[in-house]
Amino acid sequence: MQRIESHASHGGVQEVWQHESVALNCTMRFGIYLPPQARARACPVLYWLSGLTCTEQNFITKAGAQQFAADYGLIVVAPDTSPRGDAVADADGYDLGKGAGFYVDATQAPWAAHYRMHAYVASELPALIEANFPATGARSISGHSMGGHGALVLALRHPGRYRSVSAFSPIVAPSRVPWGEKAFAAYLGDDREAWRSWDACALIVNAAERLPLLVDQGEADEFLATQLRPELLEQACREAAHPLILRRRPDYDHSYYFVASFLGDHFAHHAQALGLRPA
């Protein structure tokens, strides 16, 4: 691994690292915030998954997460959103290819050679973090938009792996909205039944763990009615008796202004599940 950025922040340090990923068969970057408590002891980890067009930079520079992570003694890891490099397949537009990995493991050519973001986030990245940083095995996960979809799916597919999960403006039913249909058809093929394994609303039906879902959604979000459709998550959770806290926020849009406004609530949610108290 190679450290390519290091910045003092709220008594800790915000770093960016680069490494060769086995799962993705390319060079990847991730941001990691090490709170001041990490100098003295191992700390639990919150994984943050960003949305379409993002890299590891968006969250670490726009959300203001470092202040909350320092308060609770929580390591925050923010990976890139897709494989990168000249050898990696890409497509025109922002919603397929680089910057649009959708946190699935692709099965179709040419995507299958690199697009295995689920395997990367679920297995390779935590192993890397826990082997090289003062991190415990206690994990939580969160994300925004496409990353909110990724966070929900990862938690639902891996019962017991995360202590808590939350999302901002998640794509809750990707198999039923244009963003997801386009990506899933390319990455996974035309069999819609196979898509259900990557759809939070479908996964909730047979979820082996009733991990409470915390979701914030802006009511002025330009993608609300066409791409996000939180009412489908409400319906799925109601029918499966799955615990859900869905908070609709008047006037807020899809941007990081929205995320930053309520991120403290999400850190409190994860800290409680991880047994952390503010300093």
Side-chain angles (χ1 to χ4, degrees), residues 1-4 12-35 37-38 41-51 54-56 59-60 65-66 68-69 72-84 101-106 114-144 146-167 197-198 200 203 207-209 211 213 266-267 269-271 273-276:
M1 294 199 306
Q2 178 186 4
R3 185 173 61 188
I4 58 177
V13 59
Q14 176 66 60
E15 299 179 342
V16 176
W17 287 77
Q18 183 171 284
H19 74 106
E20 296 303 315
S21 167
V22 175
L24 302 175
N25 192 25
C26 69
T27 302
M28 288 295 288
R29 291 184 177 184
F30 62 86
I32 181 168
Y33 178 72
L34 299 167
Q37 296 87 338
R41 57 177 169 83
C43 298
V45 182
L46 173 64
Y47 290 88
W48 172 271
L49 307 182
S50 292
C54 291
T55 69
E56 80 287 342
F59 180 70
I60 67 176
Q66 293 85 358
F68 304 115
Y72 288 109
L74 188 55
I75 293 172
V76 181
V77 174
D80 201 347
T81 57
S82 77
R84 302 284 179 173
F102 267 85
Y103 304 100
V104 303
D105 290 342
H114 297 281
Y115 284 76
R116 295 179 51 81
M117 285 298 296
H118 183 87
Y120 177 69
V121 174
S123 300
E124 183 178 8
L125 186 59
L128 190 74
I129 297 301
E130 290 163 24
N132 292 280
F133 299 94
T136 70
R139 312 176 193 103
S140 291
I141 192 164
S142 187
H144 173 235
M146 178 186 73
H149 142 74
L152 295 176
V153 168
L154 276 149
L156 289 165
R157 284 176 62 109
H158 299 281
R161 185 164 299 184
Y162 303 100
R163 301 283 182 88
S164 54
V165 59
S166 72
S197 296
W198 305 100
L203 289 168
E209 180 184 34
L211 197 65
L213 312 181
H266 285 240
F267 266 84
H269 168 76
H270 297 298
L274 292 163
L276 301 175

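We're numbering straight along the sequence, starting at 1.
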Legend entry - Any residue meeting salt bridge (Lys or Arg N to Asp or Glu O under 4.0 Å) with Arg84, in chain and number order, not counting sequence neighbours: Asp80
Inset, instruction - Would you check if Ser140 and Val165 make a side-chain contact, meaning some heavy-atom pair closer than 4.5 Å? - result: no
Inset, instruction - With rounding to the nearest 0.5 Å, note down the distance linking CD1 in Ile141 to CG in Leu211. - result: 10.5 Å
Legend entry - Heavy-atom pair with the smallest gap, counting every atom of Glu130 and Thr136: CG-O, 3.7 Å
Inset, instruction - Flag the pair Gln37 / Tyr72 as yes when at least one side-chain heavy-atom distance between them is below 4.5 Å, and no otherwise. - result: no
Legend entry - Tyr162 to Ala155 - nearest heavy-atom pair and separation: CD1-CA, 3.9 Å
Inset, instruction - Just jot down the salt bridge (Lys or Arg N to Asp or Glu O under 4.0 Å) partners of Glu124, sequence neighbours excluded, or say none. - result: none
Legend entry - Rounded distance [0.5 Å steps], SG in Cys43 versus CG in Leu276: 8.0 Å
Inset, instruction - Answer yes or no: is there a side-chain heavy-atom contact under 4.5 Å between Leu154 and Tyr47? - result: no
Inset, instruction - Find out whether Pro44 and Leu74 are in side-chain contact, i.e. whether some heavy atom of one side chain is under 4.5 Å from a heavy atom of the other. - result: yes
Legend entry - Side-chain heavy atoms of Ile60 within contact of Trp48, under 4.5 Å: no
Legend entry - Beyond-backbone contact of Trp17 with Phe133, side-chain heavy atoms, under 4.5 angstrom: yes
Inset, instruction - Determine whether Ser164 and His269 make a side-chain contact, defined as any pair of heavy atoms from C-beta on separated by less than 4.5 Å. - result: yes
Legend entry - Point-to-point distance, once rounded to the nearest 0.5 Å, from CG of Leu152 to CG of Leu213: 6.0 Å
Legend entry - Minimal non-hydrogen separation, Ala151 against Ser142, with atom names: CB-C, 3.7 Å
Inset, instruction - I would like to know whether Val76 and Phe267 meet side-chain contact (heavy atoms from CB on, under 4.5 Å); could you show each step before the answer? - result: CA-CA 10 Å; Val76 181; Phe267 266 84; 3.8 Å; yes
Inset, instruction - Apply side-chain contact (heavy atoms from CB on, under 4.5 Å) to the pair Met117 and Leu49, showing each step before the final yes or no. - result: CA-CA 11 Å; Met117 285 298 296; Leu49 307 182; over 6 Å; no
Inset, instruction - Could you tell me which non-hydrogen atom of His158 sits nearest to which non-hydrogen atom of Ala122, and how far apart they are? - result: NE2-CB, 3.8 Å
Legend entry - Aromatic centroids of His266 and His144 separated by under 6.0 Å: no
Inset, instruction - Please list, chain by chain and in numerical order, all residues satisfying side-chain hydrogen bond (donor to acceptor under 3.5 Å, both in side chains) with Gln18, sequence neighbours excluded. - result: Arg29
Inset, instruction - Run the numbers on Arg157 and Trp198 for side-chain contact (heavy atoms from CB on, under 4.5 Å), then give the verdict. - result: CA-CA 9 Å; Arg157 284 176 62 109; Trp198 305 100; 3.6 Å; yes
Legend entry - Distance (rounded to the nearest 0.5 Å) between Leu125 CG and Met28 CE: 8.5 Å
Legend entry - Donor-acceptor under 3.5 Å (Thr81 side chain, Cys54 main chain): yes
Inset, instruction - Supply the atom-to-atom distance Met1 CE to Asn132 CG, rounded to the nearest 0.5 angstrom. - result: 3.5 Å
Inset, instruction - Evaluate the side-chain proximity of Ile75 to Leu34: yes if any heavy-atom separation is below 4.5 Å, no if none is. - result: yes
Inset, instruction - Let me see the working for Tyr120 and Asp105 under side-chain contact (heavy atoms from CB on, under 4.5 Å), right down to the final yes or no. - result: CA-CA 9 Å; Tyr120 177 69; Asp105 290 342; over 6 Å; no
Legend entry - Closest non-hydrogen atom pair, Phe59 against Ser50: CB-OG, 3.9 Å
Legend entry - Salt-bridge present (Glu209, Arg161; N to O < 4.0 Å): no
Inset, instruction - May I ask you to decide if Ala200's main-chain N or O and His149's side chain share a donor-acceptor pair within less than 3.5 Å? - result: no
Legend entry - Any side-chain donor near an acceptor of the partner, Ser166 and His270, under 3.5 Å: yes
Inset, instruction - Please name the pair of heavy atoms, one in Ala208 and one in Pro159, separated by the smallest distance, quoted to 0.1 Å. - result: CB-CG, 4.1 Å
Legend entry - Pairwise distance CD(Glu56) to CD1(Ile4) - rounded to 0.5 angstrom: 6.5 Å
